[in-house]
Every structure is written in structure tokens, then in C-alpha cells.
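Naming convention: chains lettered A, B, ... in sequence-line order (proteins, then strands); numbering from 1 in each chain.
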Amino acid sequence: MFARGLKRKYGDQEEGVEGFSTVPSYSLQRQSLLDMSLVKLQLCHMLVEPNLCRSVLIANTVRQIQEEMSRDGVWHGMAPQNAERAPIDRLVSTEILCRTARAADGEHPTPELEDGSLQISASELPIVSSAQGQRSPQSSLWEMDSPQENRGSFHKSLDHIFETLENKNPSSVEDLFSDVDSSYYDLDTVLTGMMSGTKPSLCSGLDGFTAATPPPSSTCKSDLTELDHVVEILVET
Amino acid sequence: MPSHRMPSEADVISTVEFNHTGELLATGDKGGRVVIFQREPESKNTPHSQGEYDVYSTFQSHEPEFDYLKSLEIEEKINKIKWLPQQNAAHSLLSTNDKTIKLWKITERDKRPEGYNLKDEEGKLKDLSTVTSLQVPVLKPMDLMVEVSPRRIFANGHTYHINSISVNSDCETYMSADDLRINLWHLAITDRSFNIVDIKPANMEDLTEVITASEFHPHHCNLFVYSSSKGSLRLCDMRAAALCDKHSKLFEEPEDPSNRSFFSEIISSVSDVKFSHSGRYMLTRDYLTVKVWDLNMEARPIETYQVHDYLRSKLCSLYESDCIFDKFECAWNGSDSVIMTGAYNNFFRMFDRNTKRDVTLEASRESSKPRAVLKPRRVCVGGKRRRDDISVDSLDFTKKILHTAWHPAENIIAIAATNNLYIFQDKVNSDMH
């Protein structure tokens, strides 16, 4: 379906993208796949740690698309005036993409794509495009930015996503613990040890815990010193 | 065996494993429970329940935990169970969730002492004035009681999610693998483990490949294999170096340029790897195929079997629904002549390596009454459609058979279909062929 070699001229956009009968152009399909992949990476803010294998595979797919788009000369800075329009358009095209895949039997597109939650995360799509946009609003469609620069700023966006995936408090905490794995394990023992005795109330207790909250006041006095240690690290003293 | 409870998320079976004799079958589920089935001995008295599996023991292996540092839940779902070879009257198994491995000991009690001098039947102290003579307590038979106790807890060894555990043939050590690292443990030591593989890049931004599965060689205690998300297998020798980052052998099939798409890498990711019983071959499962590799040939697999190639044109919607990330397992039969793996719509597939014939079967209550013969199924991809064929577009992708197991010696298979366990026996051809 995405066989390479199906190169079309850029700008060969299909009219009437709402229609069932037309197959979207390769570049539109590719762009839609890119958007879908970015959304998938963003929608990882769950309570349970996201699947690293899945995230890596999606990120690799995004890189592949970006590299091909760079080679085709269509990876460019988005002009600011297009940035606002683009997400909505691209949302539509993502739907078309999967609708086309099942066009044979006229199945309806998946309702997930029309979900409200997707609309919210769509506003984050310009993460990639705005990074480019800051460079040169006047850049023409065919201006070939140096691939390294492209990759660099694109990587920044991917890195941001990866950091967010890695842990919910990126940068500072990650730096702190990148070399200090053993102390993390000690903390982990303390913290999981605190939790092991409280099975029934676990789920109700979880509601009160947000990312920035220090560990709850424990009834175990002996754990207070470890708690101090944890808080110390969280506030970086 | 249908679940007696209302179907819930916690009842979804997440792993299935026979022990080394096939007498016991363990399942783990998303709720952190382990259920062990035991095969009833065949007897003339009960001809209808010859060699069937009944529940032997149920216990809560793992509980949900909360990682305060990352503000994330640690799921209690049992990812893998591995039996230890039986060394005495007790049975032992390892069970693991994403972070913690536990060693459980399973013992039977079928006798109890009766006739204490100081205590009565209910355990209350006797009035000593009523005791006129001494007696020796005797062991009397009682209803069988199965007791399970945690013997070791191997915690804090993994930053990332554990995907595999494998017991070494030396019966003293085992390994656990997460997305980026593999650790070697001694079964008796819980407070430290030895890191033998580490593929974490210095800069997490450079991460492009993760470990997906790993297993010890069945006979050579120094050899193990691990698979990656890029479809490669690495055979490592622990005698060569302390840190086995340099593989002894790299098994990788060159990409087929005619089939290349943006999904090529994803569908090449290996979801399971299993050594053959002989130790001569490896079996891998990726999204669309199962492959047999000869340990002596690294360039390509010696056999490739299509599990559901009709999905190749549907990869985009399978990517969108996340189905493309489903991790199917694979299994050898006892004689390494047949391989089995699961698919969608509660279908599972078997491939006979000798006759090159394959069959698709369905695990569902409608199509399997007790002692009924399973009817082969067929998925039609357009063209001529036979009466009982299923069309590709009516496949139910929520009914996936990810976990299957084959009895080590006989033609008995265990299939986990969401929250139901099916055990199929081939009575006609009980002996391996």
C-alpha cells in the first residue's frame, strides 16, 4: 500500500478528499501516516508506563517517513499562516487514509478518529512543524534544508516525546538518575515496600496522587527519613 | 475451561506453561493470579475423564503496585511463568510481572496427624485431669490440600518492563530480560543479579531497538538467545565475556525489497523465540510469519511459514488499531516436527514441518464441545468462497490467541483465548510422530 516508487509531484493533492471514490495521493497518505504516528506517540500519558517497544517502533516509523520526505524535498518549514489550518486538514486525511484501506466493503471509518480526545492532542501536532517554522517563514516548498539540521530539530521533537515517555518528570529527574541507578533501586525498595501492605485502598489512594505530589504521609515513622530523602531529591537540594 | 466469574479484564489469561512432565499446566492472568491445572491419571474407573486437566491450585502471585518516583502503576499482570525442573516432592515455578520475579513452592498435604495428647480434635488444650494414658499421634489421610508459598522475591532488578524469564539447564540460575537489559540470577540469591546484556544507548535519544524475548539453550548452559524489535536474533555465549554485548552469532534475514513499506520494520519485530527440544533449531514469530532457524546458519531461516499473509494489505488499519503491535507466541511439539502459533478470530495455526501441511483451527465454545473433533477453518481472500469460510473483513481482531503451549511429550495443547483456556488432546494419535 505504501510501496516506494509511487512518487507523485508534490502539490498533486486530490480534490474532494471527502469522496470515497478517489484514492489519496501517496504524499497525502504518507503525511497522514506521519500524523497518526505522532498522535500515537503523544497519546501515551496513561497511568501505566507506556510500552517501550511500541513507542520505539512508532518513533522509527516517524523517522523513516521524515527521511523519505527529506529526500523527496517536501520536508520543509511550515509557514505560520498554514500552521493553524494544517492540523484540522491532517486530521481529515488520517481518517481518509484508513477509510481507503477498507473502502472495498464500504465500512465506516473508525469512530476513534472523531473522538474529542483526539482533537485535543491534535493541537500538539504542530510540535514538529513549529520547530521548523521558526527557522524561515518565507522558505519555499522546494527549499531543501540541510538534512542534518532537519533531523536535528525533528529529533528534538522526538526526544521531547521520548523524554515524556521515559518518565513524567523529564529532564531534571532523568539527569539526576541517569548515573545513579542503584540509589533509584533503594528508593524503589522503600517506596514499593510502603505500598505492599495496602492492597485494598490502592485504587482509591491513587486518585490523590499526581505527578508532582511527594509520597503520601506514611504511618510508618521509620520511613520518614527515607521520605525526606525522596523529597530532597525531588526538590533538587 | 470457562471462567465461572463474570468476564472481566482481570481474568484475561496472559501466559500458559506446561511443566517438564506435562502433568501440570500453569496459567497467569492480568489480575496477578496463577491457576495450576493437574492432569488426572487415566484409570479404568473413570473412563470418561482420562487424562483431563482439573484445577489443582489457585493463588495470587502479584499485586498492583505504585511507583511513586515515576507516578506510574506497576501492573500485576503475570507476563511469564516458567517451571523449575522438579527436584523433590514439591513443585516450583517462577512467575513475573513487569518488575518483580517470584519463586513459588507448591507442596501437597494429604495426611494430618491425629491423636495429640495435649490438644483435642479442635486444637483446644485438653483438661489434663482427663488424660489417663499417652498415645502416639498417627498420620491419617485427609483431603488433599495444596499449599503454595513464596520462597524468593527477586525485586529491583529491572528499570524497564520484563518480557521474558528462562531457567538455565544448570537448574541453579535463570535470566530475566526487559526491553534493554538481561540479568542473570541465582535461584537462591535475591539481593543481587548479574547484568549480562545491556543495549541501552548512552543517550536515550539514540534508542532505536529493544529486546523483545530471550531464552536459554535447553542443553548448553552457557548459551542463550535474545530477539529484537528489528527482527534479529543474537546468540550469546556467557563464557566469552562477562557482559555479553558482543553476540557470538547474529541471525538476520535480509529485507525483501519488493515488500518494503513503512511497516516493514514493525512486522519484522520478533515477538517470541523458542529453542527446539533438540537444541538444534530456533523458532521465531513475527507479525505475519513463523520462522525456523538452524543454529548453524545465520544468513536466513531454513523455513518460513505464513500465518496470515492476507493481513499484509491491511497493515495500515492494523497499525491504526494498534493490532500490529500484538505479540503472538509460538510453540514446538515434543518431537519438533510441528509448530503452532495463534492468530485472530480465536484461530490458531499448526504447521507440520515434514509434510509441509498446515491447518487453521478455532478455539471457541460454539465449535468445541467436549470430545468433539475440531473442524479446520479457512479464511478466504476473495475469489471462490466455500460455505464455512470466513472472509478477511469479518475477522474479529479483538479475539486474539497470543498464548499457546504444547505438552512436552504428548499431543496435548493449551490455548488461551482471552479469558478462556482450551485444552485439546489428540486421542487418536497420542504418540508423537
### Task
Could you pull out all residues at least two apart from Thr284(B) that satisfy side chain to side chain donor-acceptor pair (under 3.5 Å)?
Trp293(B)

### Query
Checking Asn163(B) against chain A: side chain, backbone, both or neither under 4.5 Å from a heavy atom?
neither

### Query
For atom CZ of Arg192(B), is the number of surrounding heavy atoms from other residues, nucleotides or ligands below 6.0 Å larger than 12?
no

### Query
So which part of Leu315(B) gets closer than 4.5 Å to some heavy atom of chain A, the side chain, the backbone, both or neither?
neither

### Query
Tell me, side chain or backbone of Ser269(B) under 4.5 Å from chain A's heavy atoms, or both, or neither?
side chain

### Message
Return the CZ to NZ distance between Arg54(A) and Lys327(B), rounded to the nearest 0.5 Å.
### Response
11.5 Å

### Among Asp179(B), Ile211(B), Asp178(B), side-chain contact (heavy atoms from CB on, under 4.5 Å) partner for Leu52(A)
Asp179(B)

#### Entry: Toward chain A, the part of Thr100(B) with a non-hydrogen atom under 4.5 Å
neither

## Note on the structure
Taken to the nearest 0.5 Å, the spacing of Lys230(B) NZ from Asn60(A) CG works out to 5.5 Å

#### Entry: Top contributor to chain A contacts, counting heavy-atom pairs under 4.5 Å, from Asp322(B), Leu180(B), Val210(B)
Asp322(B)

### Query
About how many Å separate OH of Tyr160(B) and SG of Cys53(A), when rounded to the nearest 0.5 Å?
14.0 Å

### Query
Rounded to the nearest 0.5 Å, how far apart are CD of Glu320(B) and OG of Ser32(A)?
11.5 Å

### Message
Could you measure the distance from the CG atom of Leu33(A) to the CZ atom of Phe262(B)? Nearest 0.5 Å is fine.
### Response
7.0 Å

### Query
What distance do Cys316(B) atom SG and Met36(A) atom CE have between them, rounded to the nearest 0.5 Å?
4.5 Å

### Task
Could you check if a side-chain atom of Phe325(B) sits within less than 4.5 angstrom of a side-chain atom of Leu57(A), using non-hydrogen atoms only?
yes

### Task
With Lys40(A) as the cation and Tyr319(B) as the aromatic partner, state whether NZ or CZ is under 6.0 Å from the six-membered ring centre and within 45° of the axis.
yes

### Which atom of Glu209(B) lies closest to which atom of Val56(A), heavy atoms considered
N-CG1, 3.9 Å

